[in-house]
Amino acid sequence: GGGGSRGVAVLNGGTTTTTTSSDGGGVDSDALFQVSIAREVASIRDSAKKGQWQQALASLRSIEEHFDTRNKRANHSQQATMTHPSVHVYTAVMGACQKARRWSHTLSIFERMEDKHVELDTPAYTLVIGALGMRGRRRDAVKMLTRMRRRGVPADNMAYTAAILACDRIYNGEFAITVLRRMQENQLKPDTIVYNACIKAQERSENRWEAALALADEMRANGIKPNIRTYNTIISACRKSNAWEAALGVALRLGDYGVKADLVTINTLISTMGSAAKWQAALALLRSSQQRSMNPDVITYTSMIAAASRSGAWITALDVFREMKDTAIPPSSKAYEEVIEACDAAYQFEQAATLEKELLDSDLIYTYTGPQPGDMADDGILHAAAEQNDMLYDAHEQQQQQPARRSSFNVSHWGKFLGKGTEKEINEDRSDVRGAQQTPNGRPFAFFAVYDGHGGGSTAQWLKENLAVIIDTQWDVDEPKESVRLAFRSADAKILEPRGGILGIGAERGVGGSQCGSSAATAIMYRTKDTGVLNVLTANLGNSVVFLKPKNEQMVALTALHTPYNQTEFERIQALENPNPSIPLIRERGGRLRLGGSLSLTRAFGDAYLKPNYEIPVDEDDVRYPPTVDTRRNDPLREESIDNKIQKVSDFGLRADPDITVTEMKTNDEWLLLATNGLMVTAPGDSGLTPEQVEAIVEQNKAKTPNEVCAALASEARQNGSKDDITIIFVPLGPDSYR
């Protein structure tokens, strides 16, 4: 060639560098740098498409190292050079992490971009908003919209949709509408996706069906046609608010709106009628779907069985259950549970026992089988029964002297007992067990929980229906403990929302009222994301317990007792400023220490009368942020991010901040036990069993089934004088016992 020069512009970010080389065969370092960067960028894009987030992260680190090396050399030679990869490179990696639900990694990349002064564009901000929403950080997610405006970055429909979905995930429909209005003020036109996200946030919130319906009216007025998902979500919102007439009215007008009902519509309506004890209407809907060849599925039949069961129509529940089997639709564990409860309630114990044996022989478990009718969830927590072939024990490991790490567990093998005590008119306890067939490492595959209600069973029932789903929605594979802590707080904030009243006047805080609450003990099983080792994460509030029993060792408590007799809890409460000096924060009543002289627990869901009530602050953008916990600096459980200008109205220090442990499970672990405090002595004056008695009774019943073990424990507790409701979940972990 001739004696010219050639220049190569590095176009991946920041600034550019151009150097020359002669014809003498010299190597153009800029060209080599460009080729190297292009190769890594191509690798990132390929990894992102395949969902290989770890490879994408590795490629990003490699690119950053290239730039760091390049920048150091440039500093010595005083050449202009790029300072960082382009925003598009970072956005591709963030997208890969987002697809893999690695929210923490997405936010970590965002922080690196900020440190390197990378100018974020609209897609990058949208990914950050979405990650913040999935972590339950709604306020921070919405503040990103303000940051975009201040930095001159246009927020598009997708950015606002991500912010609205953040409200959806923490059940705040009113706030979602606030975001929608801000979007409209910025001259953006919401589309069907945006409106559906906002309507979904109403559906997730309590008593917001009218707001959801108004949004659909607004869509039509703006020339945007709602689709069947829009109306199904509205019907589900009516169901959750017990507004069955409104749900039926929406369904009857679908033809007028030019929309055709689908099977989700039918399923949601059947569930709605069941909640209102209108089982005849639910049955008519089932027959109508059959006549129209809509092919009712497992959710249709299960919803119908539940409708009949809750209305006391046990014969209809049993008939529909048998019809389900005759049509070659395998009954779900939920269908079994509902028909068994229907037979039990009608004193048809022999029929119930037959069905229970059939269930246990089927390898199914009581489980969440995906989104509930009308619940367009982004993810189901745990989908179906466990696949036993994937859960077998390694016999060789069992023979080792030292217990090995465990990677398998038969999630379908467990038992439970739920018994009413003699002190109350109704059983206020609840339990929940959910399992999954296949989940990736890092995700939950089994969920066990017991809830001990007080002041009624409404809070415990709400937790049974919602807590597992909230935990799964907010689960972070990188920070499972923190995500469960956030899930507990989100659930309590939802429970404490005011309900009833007229136009908000006279509304009472709390599901079941201000004096209704519940303790909770949960055990969540998952395999570590990198090694596949089996872990159990336990989280509890109050005096419900979880115990793990290793072979040849004493059983170990995996939960803490949150009562005034716990010295740490006692000192925490006493350190608080008393909002009502006439009533000591802790005082004795009825021979027992109680919070405010009323509640024998120091941490619980609900119980609004013992928790903070706030005047809501307004930020600089006139956006209201209702907080969930106290702000005093001497309370270790307070939420650091809450603005201190909030005015406290009342607070006795009751919290919904759980104690959380993560335990690596070993092959010598024998069993796991969850129980409400009716089973055991948890404070002075309690009747029930000691830990030593529990161990002895379980060992004596080693040849029996898990259900029989639970029954034996409950029977002995009654003989020891326990008059409280008793709920037990017993999970064998060994390969041969408790069959």
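Residue numbers count from 1 along this sequence.
The closest side-chain donor-acceptor pair between T559 and T538, if any, does not fall under 3.5 angstrom. Using a 3.5 Å distance cut-off with no hydrogens or angles, the side chains of S236 and E203 do pair a donor with an acceptor.
The side-chain hydrogen bond (donor to acceptor under 3.5 Å, both in side chains) test with N196 singles out one residue from T230, D191, T233, and that residue is T230.
Here the two rings, on F488 and F605, have centers that are under 6.0 Å apart. Between F547 and W671, the ring center distance fails the sub-6.0 Å criterion.
Two residues are said to be in side-chain contact when any heavy atoms from C-beta on lie closer than 4.5 Å; L537 and Y526 meet this criterion. Taking the side chain as every heavy atom from C-beta outward, R434 and F448 never approach each other to under 4.5 Å.
Considering all non-hydrogen atoms of both residues, L674 and A523 come closest at CD2-N, 4.0 Å.
For Q184, the CD atom sits in a packed shell: over 12 heavy atoms of surrounding residues, nucleotides or ligands are nearer than 6.0 Å.
Using a 4.0 Å cut-off between charged nitrogen and carboxylate oxygen, R489 and E482 do not count as a salt-bridge pair. With respect to K551 and E670, no salt bridge is recorded, no charged nitrogen being found less than 4.0 Å from a carboxylate O. Taking 4.0 Å as the cut-off between side-chain N and carboxylate O, D492 and K494 do not count as a salt-bridged pair.
Judged by the 6.0 Å distance and 45° axis criteria, R112 is not positioned over the aromatic ring of Y90.
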Show the numbers, then the answer: is there a side-chain contact (heavy atoms from CB on, under 4.5 Å) between R485 and D657? CA-CA 7 Å; R485 191 181 312 281; D657 194 272; 3.2 Å; yes
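Considering CG of D478 and OG1 of T106, their distance stands at 9.5 Å, rounded to 0.5 Å.
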